[in-house]
2 protein chains.
Amino acid sequence: MARQRAIYQRIADELRADITAGTLREDMRLPTEAELAQRWKTSRATAVQGLKVLVNEGLIVADRPRGYFVRKRRPMVYRPQAEFRIPEPDADIFRQRIADEQDSREPSQKIEVAISSPSKTVQRRLHIDAKTAVAVRRRMRSIDGDPFNLNDSHVPLSLVEGTDWMSPEDVPRGTNRVLAELGYEIIHSVDEIMVRMPTPEESSRLALGPGTPVAEHIVTGYARRDGRETPVQVTVNILPGDRHVIIYDRVREGESA
Amino acid sequence: MARQRAIYQRIADELRADITAGTLREDMRLPTEAELAQRWKTSRATAVQGLKVLVNEGLIVADRPRGYFVRKRRPMVYRPQAEFRIPEPDADIFRQRIADEQDSREPSQKIEVAISSPSKTVQRRLHIDAKTAVAVRRRMRSIDGDPFNLNDSHVPLSLVEGTDWMSPEDVPRGTNRVLAELGYEIIHSVDEIMVRMPTPEESSRLALGPGTPVAEHIVTGYARRDGRETPVQVTVNILPGDRHVIIYDRVREGESA
DNA sequence: GAGTGGTCTAGACCACATT
DNA sequence: ATGTGGTCTAGACCACTCA
């Protein structure tokens, strides 16, 4: 057998080319496994292997038992910098962002608040150890009922115990505003963005298809305390790649030196 | 058969748990396909299927014929904002960044310059159509000889024809400096970050393992011309997820309104 | 030469949604 | 009832590297 390029690879290559060329458009149905096996004079298992390549590239999905379909990507705009602004009265930041950018889609969120021991990720950024309790505000955001992203904020418990920050409800003026009122106005933040495949838990919470990577966007917020910048809040966002474009605006500031 | 959770899924679950718990550490060897098949009293094909799950999650790699190994992640810091500064004399931005952050690793890059018709991506951002030629400056950056990322800058040909911008060499003072000297100083830029699986071409150029997503980081640079901000340069960076952490610094500016 | 993963075959039974 | 993908079996030959 000519083993230059495996059969399943060539099946994948051909279908991929059809997709990128537009011969196969969004939501269109691909040939069935049986059809491909026949057309390539191979076993069904090999056709399956070829299709699986494209599934893992995030290009197609299997919608059993209807068949394989070309996947659609409709990313929404996500602006970390917008989180910094004080939101309009009665307009949660998240809600505002959606309304700004896109046509009428219905945003919603589920909020949970918990007290827990900080993960390594949080410990390192807040300069605390595992024994220092943190308050966690977990939000699962959806659009039109479909999961959109996850947003977990962590603050040392001592800073926010008994305050609005820990209310498991929408806080219309924004939780950053609450922090500011408590004397912890965030004046500086560092964003880290990492790209990886989701954990199985993220995958099921966000209903991710296979081949969908996520951005892990960690924001560490600093406040000025005793004349020094101190980290007060760490927010971990999990953003599915097929639903987000992250945008930053950068203006060259008063170029000195 | 109890078909709650497929055998291959349970194989994957168990190994994944071992990895996240640290029982299986970086670079450690996993059981062979045959061993797993035996241990789970199933066929080799099913063991293979289980291992493939973890491969596609980017957790393990098959290093034939040595076996499967737990993958290591050593992301390096990538600061889009650093690209904005004028670099030190004789220090290319890229080189400087590496030196700043990490211990002694040897950066290198290969540069190609071409003239071509702009892609849709570039057209939209430069406000030009397919008939307007662009100059493209493609850089493949490596560290210690290993591919690190791709960086393609696009500028309308008319702006840079015959200038240093098109030299297929290192430009010590930086290409943004060259643009500034030509009267196109970039005063504002917009960063877009998208997360997806790589194309096969990216995959081979960057030697990506399966299960490695990329960030596509597009920077559109604007200059002031005739009192208006005009897009002059679009740079497309392809950043492998297993090699980068993208970092932004944000300082709350003179809060008005 | 032995052992590894890479690929392939030719079947099989199943759950599920649509017809 | 039919056809889809999901899973599984029990083999097979190959290319490659290491001892």
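Proteins come first, then strands; the chains are lettered A, B, ... in the order of their sequence lines, and each starts at number 1. Basis for what follows: all heavy atoms, side chains included, without hydrogens, waters or symmetry-related copies. What you are looking at is a predicted structure, and each value in this text was computed from that prediction instead of being measured.
Interface residues of residues 30-41 of chain B facing DNA chain D, ordered by number: none; criterion, heavy-atom separation under 4.0 Å. If you check residues 59-67 of chain A against DNA chain D, the residues with a heavy atom closer than 4.0 Å are A:Ala62, A:Arg64, A:Pro65, A:Gly67, listed by number.
The nearest whole Å value for the distance from the CG atom in A:Leu54 to the C1' atom in D:dG5 is 15 Å.
Partners of A:Asp63 by side-chain hydrogen bond (donor to acceptor under 3.5 Å, both in side chains), not counting sequence neighbours, listed by chain and number: A:Arg66. Considering only residues two or more places apart in sequence or on other chains, B:Asp146 meets the side-chain hydrogen bond (donor to acceptor under 3.5 Å, both in side chains) condition with none of them. Residues meeting the ring pair (Phe, Tyr, Trp, His ring centres under 6.0 Å) test with A:Tyr248, sequence neighbours left out: B:Tyr248. Looking at residues two or more places apart in sequence or on another chain, you find a side-chain hydrogen bond (donor to acceptor under 3.5 Å, both in side chains) between A:Glu201 and A:Arg205. Looking at residues two or more places apart in sequence or on another chain, you find no side-chain hydrogen bond (donor to acceptor under 3.5 Å, both in side chains) involving A:Gln123. Residues that satisfy the side-chain contact (heavy atoms from CB on, under 4.5 Å) test with B:Arg71, not counting sequence neighbours, are B:Val61, B:Thr212, B:Asp242. B:Ala12 meets the side-chain contact (heavy atoms from CB on, under 4.5 Å) test with B:Arg16, B:Val53, B:Leu54; sequence neighbours excluded.
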What pairs of donor and acceptor atoms, side-chain ones from residues 111-119 of chain B against any protein atom, are under 3.5 angstrom apart with sequence neighbours left out?
from	atom 1	to	atom 2	distance (Å)
B:Ser117	OG	B:Ala130	O	2.9
B:Ser119	OG	B:Val122	N	3.3

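Look at A:Tyr8 and you won't find any side-chain N or O under 4.0 angstrom from OP1 or OP2 of C:dT9.
Residue pairs meeting the ring-ring contact (aromatic ring centres under 6.0 Å, His included) criterion with at least one member in residues 194-220 of chain B, sequence neighbours excluded, are B:Tyr78-B:His217.
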Could you list all N or O pairs between the protein and nucleotides 10-12 of chain C that sit under 3.5 Å apart?
from	atom 1	to	atom 2	distance (Å)
C:dA12	N6	A:Arg44	NH1	3.1

